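Only one structure is covered here, and it is reproduced in the block below.
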2 protein chains.
Amino acid sequence: MDKLGVKTFFFAISDYSRFSILAALMEKDLSVNEIADAVETEQSNVSHHLACLLNCGFVDVRREGKMRIYSLKDEARPIVGSIIKHIQKYNSEIIACDIANKEYISRVIK
Amino acid sequence: MDKLGVKTFFFAISDYSRFSILAALMEKDLSVNEIADAVETEQSNVSHHLACLLNCGFVDVRREGKMRIYSLKDEARPIVGSIIKHIQKYNSEIIACDIANKEYISRVIK
DNA sequence: ATAATATATGAATGGCTAATCATATTTATA
DNA sequence: TATAAATATGATTAGCCATTCATATATTAT
């Protein structure tokens, strides 16, 4: 397994904001501000994330008037789809992980 | 989409060491020290990761003599498998992301 | 050409957490 | 039961990076 590939893949997709952007783009193409609304964060932050997702080959851009419209790449669709499907299916099991939610935190925070 | 579910899922699976552990367990069940060898990190670190993966429902344990043998849960198999498959297939595109590899770093580090 | 809208970029910071070191616990064997 | 082997747990630290604020650039309309 290629370490750089694995790390880069997860770097790009595993941030909640970035994954939410991809999930939002599963539905339809969106402008930056539409994404900011959908994901409930600042425009500036969305732009930073989009630059990453663009570089990582997850999305495409086109211009429409004064807006830049982002779309999910076809190759990214199955990944995002399958992950969403899995999380929906195993949500309760996943949530039951108290390390990610409490233990680790409390171990660190004390 | 459930925010906690998404975050927890990625928290658990997106760390390189933890994902490597899951990948190693795709092949065969392993003891803690065998995992440490396979993943090339310290035993203590592996134990920390295993505690997380166990809590998150990715792996099971059983005792054999003085060793604890970890195995990949059946439900986790398709996820790990599909992600490995994807990374192998799109490795070059993913690696081409210069944000994850250089730009972001240089932006931050200056 | 100027103003307004949309988006991108730069710099700084604080929180999160993987790795490490040290130590405790558990099990097996002599 | 004392020792060794295997694993787990605790505490600390240093680095990564998402977010924020401030500002720059680009496009359209007046």
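Values in this document were obtained by computation on a predicted structure and should not be read as measured data. Side-chain atoms are counted along with the backbone in the values below, which use heavy atoms only and exclude waters and symmetry mates.
Residue A:Gln43 places a side-chain atom within donor-acceptor reach of the base of C:dA8, judged by atom type and a 3.5 Å distance cut-off alone. On a pure distance criterion of 3.5 Å, no polar donor-acceptor pair joins the side chain of B:Ser31 and the base of D:dT7. In the interface, the side chain of B:Ser44 is paired with the base of D:dT9 through a donor and an acceptor atom under 3.5 Å apart.
Nearest to the side-chain atoms of B:Ser17 among the listed nucleotides C:dA28, C:dA19, C:dT5 stands C:dA19. In the set D:dA8, D:dA5, C:dT20, C:dT20 carries the atom at the smallest distance from any side-chain atom of B:Asn45.
Counting heavy atoms from C-beta outward, B:Leu30 and B:Ile69 have side chains that stay 4.5 Å or more apart.
Using cut-offs of 30° and 60° for the angle between ring planes, the B:Phe19 and A:Phe10 rings count as perpendicular.
Here the C1' atom of nucleotide D:dC16 and the CZ atom of A:Phe10 are 18 Å apart, to the nearest Å. Atom-to-atom, CG of A:Leu50 to C1' of C:dT9 comes out at 13 Å; the value is rounded to the nearest Å. If you take CD1 of A:Ile69 and P of D:dT27, they are 14 Å apart, rounded to a whole angstrom. Following rounding to the nearest Å, A:Lys66 (NZ) and D:dA29 (P) show an atom-to-atom distance of 6 Å. Atom CZ of B:Arg18 and atom C1' of C:dT17 are 9 Å apart (whole Å). When the C1' atom of C:dT25 is taken as reference, atom CZ of B:Arg63 falls 10 Å away, rounded to whole Å.
When the side-chain nitrogen and oxygen atoms of A:His49 are compared with OP1 and OP2 of D:dC17, none of them lie within a distance under 4.0 Å. Within the 4.0 Å cut-off from OP1 or OP2 of D:dA8, at least one side-chain nitrogen or oxygen of B:Tyr70 is found. An OP1 or OP2 oxygen of D:dT7 is reached within less than 4.0 angstrom by a side-chain nitrogen or oxygen of B:Asn33. A sub-4.0 Å separation between OP1 or OP2 of D:dA8 and a side-chain N or O of B:Arg68 is present.
Across A:Arg18 and A:Phe11, no two heavy atoms sit closer than the pair NH2-O, 2.9 Å.
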**Request:** Please step through salt bridge (charged side-chain N to carboxylate O under 4.0 Å, His left out) for the pair B:Glu64 and B:Arg62, ending with a clear verdict.
**Result:** CA-CA 7 Å; B:Glu64 276 185 18; B:Arg62 64 176 186 276; 3.0 Å; yes

**Request:** Start with the C-alpha distance between A:Glu34 and A:Ser31, add both sets of side-chain angles, then the distance that settles side chain to side chain contact (heavy atoms under 4.5 Å, CB included), and finish with yes or no.
**Result:** CA-CA 5 Å; A:Glu34 284 172 332; A:Ser31 71; 3.3 Å; yes

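Mapping A:Thr41 and A:Glu64 onto DNA chain D by nearest heavy atom places A:Thr41 closer to the 5' end of the strand.
Here A:His48 does not count as stacked on D:dT19, because the ring centres are not under 5.5 angstrom apart with planes under 30°.
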